Amino acid sequence: MPTPAVREYVAALAPEALPAYVYDLAALRAHAAAVRAALPERVELYYAAKANPEPEILTALAPSVTGYEVSSGGELAHVRAAVPHLPLAFGGPGKTPAEIAEALALGVERFHVESEHELHLLAQTGRPADILLRVNLPADPRSLDGVALAMGGRPTPFGLDPDRADACLALLATPRFRHLRLRGIHAHLASGLDADAQLGLAENIVAWAVQRNATEVNIGGGMAVDYSDPAALFDWPRFGTGLARLLDRHPGLILRIEPGRSLTAYCGWYATEALDLKLSHGAAFAVLRGGTHHLRTPAAKSHNQPFTILPDPRWPHPWPRPTIRDTPVTLTGQLCTPKDVLAHQIPCQELRAGDRVIFGLAGAYAWNISHHDFLMHPRPGFHFQR
Ligand SMILES: *Cc1c(COP(=O)(O)O)cnc(C)c1O
């Protein structure tokens, strides 16, 4: 599963250089270009920076994206510095007055307004701003069946209920809000959706928005990444065709999407080695260098992180090499907690101490969502292959 370049690179690293995050930026550029090519021209592609804000990643995406979605003052300053020439949309709940002021000073292109209070805070600055109202629209429960995370369609801290959004529209028509330019509607309702489910949501959001004369609709991110089948990519061509049909019915509308995971998950690998192997009450465990303090994704999402074993013939010690064969193995890290599991009971032909293990789909919500300081182990290395 790792690209040949990544496999070769990891094989050549010294054990002390592990764990390491290895990114294949050429693969990322090719993937992002394919996503862009599958979308109609009138669809703007923003990247949700919270998925992975490494400057090298942001820069590699630049040729294929229209802009970036940021969700904090920290992301705002960071992304503006990394890719200064591209537009930013500032979303996220709980924006502070200081963050709003900074966003205005940096000339953010779009504000995603999450509440009436936030609309008042923004209006109070007296500065012009272009805004979208983030609306938590009811979703067809079937469309959210089995999705990984639901940010909308049910009670959440995100966005405005439809009636409160209508109350904001009424406020925006009053003189005190004259300097705020309402551009349209934003909704990010769920994560882990396939193309048809996304298109279903998009239909609903657009229908609601155009009834209110929106000229821009941002339908959010959440395109599925399948951790149990890394080769099963979100069907971008099908999604693009569906969006083109939707746009045909709404001439003049600008549609925007802001995926994170589905853009960058595939370009990153977390590479390490097996330190020890043991049987415990009949079950096989591999203790790896590193763990969920570097790669929290499988713990956060309760899945098995997909991996490839890279056998290493070297064994420098005079005693028998710890080995397991033909048995399911649980891959853990070095943390003193039973929750430090990267993959659970995976059938395995052979794994020996010193063999390399390369976890895939580690390019999004991986290092940057992990609790790095727990147990004070060293940080991984970071390698960007151009
Ligand atoms: C996290 C987030 C995204 C990106 O979601 P993915 O599942 O990574 O595609 C987009 N928009 C908003 C508002 C978000 O919070």
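Scope of the values below: all heavy atoms of this structure, side chains included, with no hydrogens, waters or symmetry mates. As the structure is a computational prediction, the values presented were derived from the model and not from experiment. Numbers here simply count residues along the sequence, with the first being 1. One-based numbering, in listed order, for ligands and for the atoms of each.
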>> Checking S64 against Y47 for the side-chain hydrogen bond (donor to acceptor under 3.5 Å, both in side chains) test, could you report, in this order, the C-alpha distance in whole Å, the side-chain angles of both residues, the deciding distance, and whether it holds?
In response: CA-CA 10 Å; S64 298; Y47 170 60; over 6 Å; no
> Considering only protein heavy atoms, which is closest to atom 8 (O) of ligand 1, and at what distance to one decimal place?
Replying inline: Y365 OH, 2.5 Å
>> Below 30° counts as parallel, above 60° as perpendicular, anything between as tilted: where do the rings of Y270 and Y21 land?
In response: tilted
> What part of R261 sits under 4.0 Å from ligand 1 if we count only heavy atoms: the side chain, the backbone, both or neither?
Replying inline: both
> Identify the closest protein heavy atom to atom 13 (C) of ligand 1: which residue and atom is it, and at what distance?
Replying inline: E258 OE2, 3.4 Å
>> Measuring only between side-chain heavy atoms, which start at C-beta, is N218 closer than 4.5 Å to R110?
In response: no
>> Return the closest protein heavy atom for atom 15 (O) of ligand 1 as residue, atom name and distance.
In response: K50 NZ, 2.8 Å
> Looking only at distance, does A48 have an N or O less than 3.5 Å from an N or O of ligand 1?
Replying inline: no
> With a 6.0 Å cut-off on ring centres, are Y46 and Y68 close enough?
Replying inline: no
> For E118 and H120, does a side-chain donor sit closer than 3.5 Å to a side-chain acceptor?
Replying inline: no
> Considering only heavy atoms, does E69 approach ligand 1 within less than 4.0 Å through its side chain, its backbone, both, or neither?
Replying inline: side chain
> Where the closest heavy atom to atom 7 (O) of ligand 1 is concerned, which of A51, G92, G222 has it?
Replying inline: G222
> Is M223 in polar range of ligand 1, meaning some N or O pair under 3.5 Å apart?
Replying inline: no
